[in-house]
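Counting convention: from 1, in listed order, for ligands and their atoms alike.
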Amino acid sequence: MTASDALSEIAGAIADFVYPPTCSTCTGTLSREESYVCSRCWNSFERVVRTETVIQAIESKFLADEAVDRVDSVFLFEQDPRVRLAVHLLKYEGAESIAEKFGLYISREIVDDEKLSTCDIVTPVPLHPVRQRERGYNQSDLIARSIGRHLNITHHPDLLRRTRQTQTQTMFDAEGRKQNIQGAFAVDQRFLEKVKGLRILLIDDVVTTGSTIKECALTLKHHGASQVFAASAAITI
Ligand SMILES: [Zn+2]
């Protein structure tokens, strides 16, 4: 360690002592191992409990066709403002540690499901390249990478490509979202032959109407994927 490294470490320790970092959702002091959100908050975020009603609500988003074989989500997006804040930190503030945690929670959720935890590939819903350049990263891919690591599944960041810019989905109702996203994805040229027969775990940050996940899954199945499971950090129910 150089003298200047040592000095900046000391300066950091003093700053942490005077202004200890606080949890973004409860303002409690964060420990050294925590960042952005404290463990207490993570453990008390509103969770998806798979009751009959909830399963039906989730399946109703995907029933129209059989593109997606199963969808698992961990947190409730609308019911808990802290979940929305965590997603915001991940999407707009580059909070990688949030992606890591989301990945960990999703992994714990699906580890006991043999089909999901033994998928051949984990891959994200892609951003359009222009959007990704602006943001500097794809938040869903950060989550996918974390899941790949936790479950030991091969991670592919760019199996799918977004072929055209779509308008923000929040501007549309369910039917409008479906039309807005139709034909917006393609399997990357390099993987066209490799997708055949694969069981794919598709990752999104938040599932709302499900139309994005469905369109991605249709694209993968069209190219011969045998099963597509989807998982997201949060869901609107
Ligand atoms: Zn907290």
### Task
Any pair with a residue in residues 104-142 that passes ring-ring contact (aromatic ring centres under 6.0 Å, His included), sequence neighbours left out, goes on the list, sorted by first then second residue, please.
W42-Y105, F75-Y105
## Note on the structure
salt bridge (Lys or Arg N to Asp or Glu O under 4.0 Å) pairs touching residues 134-150, sequence neighbours excluded, are E100-R149
### Query
Can you pull the ring-ring contact (aromatic ring centres under 6.0 Å, His included) pairs that have at least one residue in residues 187-235, sequence neighbours excluded?
H156-F191
### Summary
Shortest non-hydrogen pair, S117 vs V111, comes out as OG-O, 3.2 Å
### Evaluation steps, side chain to side chain donor-acceptor pair (under 3.5 Å), between R82 and S44
CA-CA 10 Å; R82 301 171 305 166; S44 63; 3.0 Å; yes
### Summary
What lies under 2.8 Å from the Zn ion (ligand 1), restricted to protein N/O/S atoms, is C23 SG, C26 SG, C38 SG, C41 SG
### Query
Transitively linked via ILVMFWY side-chain contacts under 4.5 Å: V48 with L201?
no
